[in-house]
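One structure is given here, and the rest of the page talks about it.
We number each residue from 1, following the sequence as shown.
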Amino acid sequence: MAEIQFSKGTKESVVPNIKVTRSRNKDGGTATFYFDAPDALADTSTVEITGLYLVDSEGEIVSRDVKGKFINGKPSAIESKLIMTSAAEWERFLRFMERYAEENGLGLEKS
């Protein structure tokens, strides 16, 4: 089980575009998640967005850096950043991503 949530307990079904960069000292890195038309922004949604929660069998990883994107005054996308400052955080994130990728059929594209 690996899922992404914007409100605890509410799974986001839209699979994001994820860009990951490693820090120069190799101790951490940054992951940028971009959700185009996520469930959390649907007209019928009653979810209060409180953060980005990456939930799996090990627990959860939390980021409060969540921004909405608007087109003509209507919410259209969400962008969130997760900053990892240690090798342990980086490894934990990679374990989550392996589980999430397996469940959602994602692949790795190196630049």
Side-chain angles (χ1 to χ4, degrees):
M1 189 259 327
E3 61 187 35
I4 297 176
Q5 304 173 357
F6 290 112
S7 181
K8 287 189 178 187
T10 305
K11 179 182 177 181
E12 177 59 52
S13 67
V14 173
V15 176
N17 181 4
I18 306 166
K19 294 183 181 181
V20 181
T21 57
R22 187 96 192 246
S23 64
R24 291 179 191 208
N25 64 9
K26 307 279 188 217
D27 281 345
T30 303
T32 304
F33 297 80
Y34 188 83
F35 297 82
D36 190 28
D39 300 336
L41 296 180
D43 290 338
T44 57
S45 177
T46 59
V47 171
E48 180 180 345
I49 298 172
T50 58
L52 176 74
Y53 304 93
L54 310 179
V55 182
D56 65 6
S57 57
E58 288 185 55
E60 71 181 24
I61 303 168
V62 179
S63 173
R64 301 288 183 209
D65 186 350
V66 179
K67 298 175 183 167
K69 301 288 183 181
F70 294 81
I71 297 176
N72 295 326
K74 296 188 184 238
S76 64
I78 294 177
E79 183 177 286
S80 182
K81 285 190 180 181
L82 175 66
I83 298 173
M84 298 149 281
T85 58
S86 69
E89 288 178 349
W90 175 259
E91 293 299 322
R92 171 68 179 98
F93 170 74
L94 290 180
R95 289 192 304 274
F96 169 82
M97 285 308 303
E98 285 176 10
R99 292 179 185 109
Y100 188 77
E102 186 177 308
E103 284 190 21
N104 292 284
L106 299 177
L108 176 65
E109 183 180 307
K110 294 186 179 186
S111 59

What's the shortest heavy-atom distance between S23 and N25, and which atoms? OG-OD1, 2.8 Å
Nearest-0.5 Å distance that lies between atom CZ in R92 and atom CZ in R95: 6.0 Å
Hydrophobic cluster identity match, V55 and V62, side-chain contacts under 4.5 Å: yes
Atom pairs and distances, donor-acceptor, side-chain atoms in residues 71-82, under 3.5 Å, two or more places apart:
| from | atom 1 | to | atom 2 | distance (Å) |
| --- | --- | --- | --- | --- |
| S76 | OG | K69 | O | 3.2 |
| S80 | OG | D65 | O | 2.8 |

Are the side chain of E3 and the backbone N or O of E12 linked by a donor-acceptor pair below 3.5 Å? no
Can you give me the closest heavy-atom contact between V14 and A37, atom names plus distance? CG2-O, 3.5 Å
Over all atoms of both residues, closest heavy-atom pair of A2 and R99: CB-CB, 3.6 Å
Side chain to side chain, V15 and Y100, heavy atoms closer than 4.5 Å: yes
For K11, enumerate each residue passing the salt bridge (charged side-chain N to carboxylate O under 4.0 Å, His left out) test, keeping only those at least two apart in sequence or located in another chain. none
CZ/F35 to CD1/I4 distance, rounded to the nearest 0.5 angstrom? 4.0 Å
Side-chain contact test, heavy atoms from C-beta onward, threshold under 4.5 Å: evaluate it for E58 versus F96 and give yes or no. no
Quick check against the 3.5 Å criterion: does E103 have a side-chain atom that pairs as donor or acceptor with the backbone of M1? yes
Any donor-acceptor pair under 3.5 Å from N104 side chain to L106 backbone: no
Roughly how far, to the nearest 0.5 Å, is the CD atom of Q5 from the CD1 atom of I49? 12.5 Å
Hydrophobic clusters here meaning ILVMFWY residues chained together by side-chain heavy-atom distances under 4.5 Å, can you tell me if M97 and M84 are in one? yes
According to a 4.5 Å side-chain heavy-atom criterion applied to Ile, Leu, Val, Met, Phe, Trp and Tyr, with indirect links allowed, do L94 and V20 form part of one hydrophobic cluster? yes
Inter-residue atom distance D27.CG - E89.CD, 0.5 Å rounding: 10.5 Å
Donor-acceptor under 3.5 Å (R64 side chain, L52 main chain): no
Once you round to the nearest 0.5 Å, how far does OG1 of T85 lie from CH2 of W90? 12.5 Å
Mind listing the closest non-hydrogen atom pair of S45 and D39 along with its distance? CB-O, 3.4 Å
Measure the shortest side-chain to side-chain distance between L54 and F93 over non-hydrogen atoms and say whether it is less than 4.5 angstrom. yes
